[in-house]
Amino acid sequence: MKNNYCIILAGGEGRRLWPCSRKYMPKQFIDFFGTGRTLLQQTYDRFAQFIPRENIFVSTFKDYENLVFEQLPEIPQDNVLIEPVQMSTSPAVAWASYHISSINPEANIVVSPADQHIVNTKRFEQQVHHALDFVANNNVFLAMGVPATMPNTAYGYIQMGEEVKDGELYRVKSFQEKPAQEYANLFVESGEFLWNTGLFMWNVQSMTKLMREVAPLVAERIEAAAGTVAKDENLALVRDYYPESLSSSIDLLILDTCQNVYVYQCDFGWADVGCWPELHKVMKKDVDGNVVLGKGKVFMSGSSNNVVSVSDEKAVIVNGLDGYLIAENEDVLVICPNDKPTTVRRLADEVMVKLGEKYL
């Protein structure tokens, strides 16, 4: 267990959950489920059950550093790795892996987004342990997937290839990120595809080898500085070199680039809560399928399958709507159909262009 480490990714803006998720307070720092713990805190709690707390790292954007320490006061200062700019996840994960390798050259790493809903935490612990054991003994990358039960275009799809172990472990044959509806239909019907959970494992030797192949300049600079410079100086190397040579998500880097990639078929009950349609699926609903977040006074009449999130002092009356989002946060109110995961992000982008970043 002492060689097992975790990197929690908490640097995004969460624009698909706008306007509740704002640039100054993105989704990972919000308690959407009303449990008293934010998405980041729930993710940290989940891993702290079976990974030593001193081995849990959080990667976040520099503007959110104080939020991380406010919500996780127990985390050591050196375990919060600050991104100088909001890049894609590959740079953040790669340099976090290098940082951990300088601490423990035998480390095995699990990377997790901060915005996941896990139903069966005990089963989650068991399967993450099995996956970490596998990468500890094999120089491979391992993705965790769950059965694709419906043609959801918000998820990535991993095609299972050759079976390696007991109907659980497969070589990755192909990967498709957020396919069009017609392809999502085909993927689900085939029974060959798993949803990508965004959970990945490897040992640090595997990541070092990959970086030497795909970003040799970065690898050379970081390795030359290993053990001789402070974390802030390593961060400067990231700022100077990573945007030019490593700009994709960690999902694409591993699933599209690597040859030695496997997928573990999991059954711990998983959902991504990165957008309003997905949040509606996992939240508790009334008899008409409506979800109300927060303590606002919401009255429904002839309405079904809606999501309403308003401030506590507001009274909202909804009549005759089916499948809508009604979300208010300070100076922004959004009312729109809640049938596509990209709708709110598109609207946020339009607002930024027409009204400025103030409303993001």
Engineer: Can you name the salt bridge (Lys or Arg N to Asp or Glu O under 4.0 Å) partners of D312, sequence neighbours left out?
Structural biologist: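 D312: no salt bridge (Lys or Arg N to Asp or Glu O under 4.0 Å) contacts found.
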Engineer: Take the angle between the ring planes of Y157 and F187 and call it parallel below 30°, perpendicular above 60°, tilted in between.
Structural biologist: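 Y157 and F187: tilted rings.
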Engineer: If we check salt bridge (charged side-chain N to carboxylate O under 4.0 Å, His left out) with D272, which of these qualifies: K27, R16, K281?
Structural biologist: R16
Engineer: Would you say F32 ends up clustered with M25 if hydrophobic residues are merged whenever their side chains have heavy atoms under 4.5 Å apart, either directly or through other cluster members?
Structural biologist: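 Same cluster.
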Engineer: Run through D133, V128, V140 and flag the one making a side-chain contact (heavy atoms from CB on, under 4.5 Å) with M201.
Structural biologist: V128
Engineer: So F47 and F50, would you call those rings parallel, tilted or perpendicular, with 30° and 60° as cut-offs?
Structural biologist: tilted
Engineer: Keeping the roles fixed (side chain from S97, backbone from A94), state whether a donor-acceptor pair exists under 3.5 Å.
Structural biologist: no
Engineer: Under 3.5 Å, is there a donor-acceptor pair between the side chain of Q42 and the main chain of R37?
Structural biologist: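 Yes, Q42 side chain to R37 backbone: donor-acceptor pair under 3.5 Å.
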Engineer: Where do R22 and D331 land on the salt bridge (Lys or Arg N to Asp or Glu O under 4.0 Å) test, with the steps shown first?
Structural biologist: CA-CA 11 Å; R22 304 286 288 267; D331 52 358; 2.9 Å; yes
Engineer: Could you tell me whether the side chain of N306 and the main chain of S304 form a donor-acceptor pair under 3.5 Å?
Structural biologist: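 It does hold such a pair.
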Engineer: Measure from the side-chain N and O atoms of E163 to the backbone N and O of L169, and report whether any donor-acceptor pair falls under 3.5 Å.
Structural biologist: no
Engineer: Can any side-chain N or O of N55 pair as donor or acceptor with the backbone N or O of N3 at less than 3.5 Å?
Structural biologist: no
Engineer: Do C258 and L210 make a side-chain contact, defined as non-hydrogen atoms from C-beta onward lying under 4.5 Å apart?
Structural biologist: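 They are in contact (side-chain heavy atoms under 4.5 Å apart), so the answer is yes.
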Engineer: What I'd like to find out is whether the side chain of Q181 reaches to under 4.5 Å of the side chain of P151, using heavy atoms alone.
Structural biologist: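 Heavy-atom side-chain distance check passes, below 4.5 Å.
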Engineer: Let me confirm one number: the CG-OG distance from N138 to S206, rounded to the nearest 0.5 Å.
Structural biologist: 9.0 Å
Engineer: Tell me, yes or no, whether the heavy-atom count around Y324 atom OH, taken from other residues, nucleotides or ligands under 6.0 Å, exceeds 12.
Structural biologist: no
